Amino acid sequence: MTAQKKILLIIGGGIASYKSLDFIRKLKEKNFEVKGVLTKAGEQFITPLSVASITGNSVPTDLFDPDNEAHFSHIELARWADLIVVAPATADFIAKAANGLANDLASTILLAATSRVVFAPAMNVRMWENQATQDNIRQLESYGYAFMGPTHGSMACGEYGMGRMLEPLDMVSKVEQILLPIITSKFKAIVTSGPTREAIDPVRYISNLSSGKQGSEIANALYNKGVDVVFVTGPGSSLPQAGMEIIEVNSAEDMLEGVLKSLPADVFISAAAVSDWKAVAYSEQKLKKSDQDQNLHLTFVQNPDILQTISKSGKNRPKLVVGFAAETNDLRNNSNQKLTQKGCDWILGNDIGEGTNVMGGDYNQILFLNQTASENWPRMTKKDVGEKLADKILAFLNDKGS
Ligand code: CTP
């Protein structure tokens, strides 16, 4: 394991709560840092003191506890974790989460979380089989939450069936499996994605049609192959799966700042459709029709070129810099020119001409260029482009023997 990963354990109220202490111990043996949060029901079964003693961290229990809010708010706790584990996840807690309720510390943390979340359900077999519980689980799965267990077995209530929480050792294995990409991460990538938005006045901006789908698929593919990914994205566009660091920005200048502060990295992939221009002067007040003659005259200046800046960033330059060339005509020549002018290592040229439906669509067709090679990739899904590019990037980085 390369770096200590952080687990936030939400302990719900059920007879299986007693297993949480052993679960924490086993996580710590594997070098995870653990913080615990108890629901009110959880406190009926184990004490904050026992959780604090085993984790070595204080245990907040109350959403409105002024002391804890001063030290680390529920938002900070939600952001702190690489993975949030809810164990035991009771039928009640699952129902709350499925409906987006946030009326105590644990449910508020969950709603504010950007990290991955895995539930370890524990309940009576009838409660587990109840249609309401099953619907809630499907709902949570559709939001991207993961589940581990339950399993069959005898229960504290004397019944036998599905609903037993997994054993601590099995839960630790599942946690390792979920976190595998970031645990084993050998390389770091920065991916820009989506459009940027350049404000003109408080209600108007210029932007473009980018959906961010290609950027998020590249990020997903890299992440699933074990790369540590920082995803710098413009507004309103496709987000990758949970687990990566996401930096949300508006303008090209913000995007450049997001990328610069994320360096160093092994590879930079500039998939964003960065707005080339911004208004010379931002108007603090809404531009009024009455203040103009019939037409509105705005002057735009060029934005910084992020790809070029990173390609020429000297000792901080990633080993591999990958750009895109979005062209409506003369794809090969224009892509070649961008390869040279911007100083990147690879260019993925794509024809965004009318009728191709590349911008916003699910498919892409790539002309891959570097200083020595040119490849025509057949039309494929943006997910497949992400996979192919990620494989190529990893082959390159592994070859460099980093
Ligand atoms: N790019 C960038 N910063 C900019 C403009 C573009 O980082 N201000 C990057 C894009 O992310 C892409 C590459 O440069 O990887 C090419 O972008 P593209 O829109 O195809 O070309 P432009 O450089 O904007 O040039 P033009 O619009 O004249 O084709």
Side-chain angles (χ1 to χ4, degrees), residues 189-199 205-219 222 229-235 237-238 240 247 249-263 265 267-280 300-313 316-318 320-354 356 358-360 364-371 377 382 385-386 389-390 392-393:
I190 304 171
V191 180
T192 65
S193 184
T196 64
R197 225 177 241 182
E198 311 299 327
Y205 58 81
I206 55 162
S207 189
N208 59 64
L209 293 174
S210 170
S211 63
K213 282 184 192 164
Q214 188 59 83
S216 59
E217 291 297 0
I218 294 167
L222 286 168
V229 179
V230 181
F231 188 76
V232 187
T233 178
S237 67
S238 227
I247 301 180
V249 298
N250 271 310
S251 66
E253 273 168 0
D254 296 344
M255 186 172 270
L256 176 59
E257 195 187 315
V259 173
L260 287 174
K261 79 172 185 208
S262 306
L263 288 172
V267 53
F268 172 59
I269 300 123
S270 186
V274 185
S275 175
D276 290 324
W277 297 282
K278 64 171 182 179
V280 167
F300 293 93
V301 284
Q302 268 193 27
N303 264 323
D305 191 306
I306 302 169
L307 177 59
Q308 189 164 327
T309 309
I310 302 304
S311 294
K312 300 186 175 167
S313 57
N316 240 352
R317 185 193 197 275
L320 181 63
V321 177
V322 183
F324 275 76
E327 307 298 340
T328 52
N329 55 287
D330 217 357
L331 181 63
R332 183 171 289 274
N333 272 339
N334 285 332
S335 304
N336 249 323
Q337 249 177 35
K338 280 181 187 164
L339 183 67
T340 313
Q341 272 167 9
K342 296 187 184 240
C344 55
D345 304 301
W346 298 353
I347 276 275
L348 277 69
N350 52 0
D351 182 352
I352 55 155
E354 227 174 313
T356 59
V358 166
M359 269 200 142
N364 210 345
Q365 190 165 350
I366 300 293
L367 169 66
F368 174 91
L369 298 175
N370 63 20
Q371 290 300 344
W377 296 2
K382 289 185 175 175
V385 169
L389 180 63
K392 227 176 161 55
I393 288 170

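When a ligand or atom number is given, it counts from 1 through the structure's own listing order. Quick caveat: nothing in here was measured; it's all calculated off a predicted structure.
- Closest approach of Asn336 and Leu369 over heavy atoms only: N-CD1, 3.7 Å.
- Using a 4.5 Å heavy-atom cutoff, the side chains of Ser193 and Gln214 are not in contact.
- Among protein residues, Ser270, Ala272, Val274, Asp276, Pro304, Asp305, Ile306, Leu307, Gly323, Phe324, Ala325, Ala326, Lys338, Lys342 come within 4.0 Å of ligand 1, judged on heavy atoms.
- Note: Ile218 CD1 to Leu348 CG = 7.0 Å, rounded to the nearest 0.5 Å.
- Here the side chain of Glu198 pairs no donor or acceptor atom with the backbone of Ala279 at under 3.5 angstrom.
- In plain terms, the two heavy atoms of Arg197 and Pro235 that are nearest each other are NE-CG, 3.6 Å.
- Between Lys382 atom NZ and Ser211 atom OG the span is 4.5 Å, to the nearest 0.5 Å.
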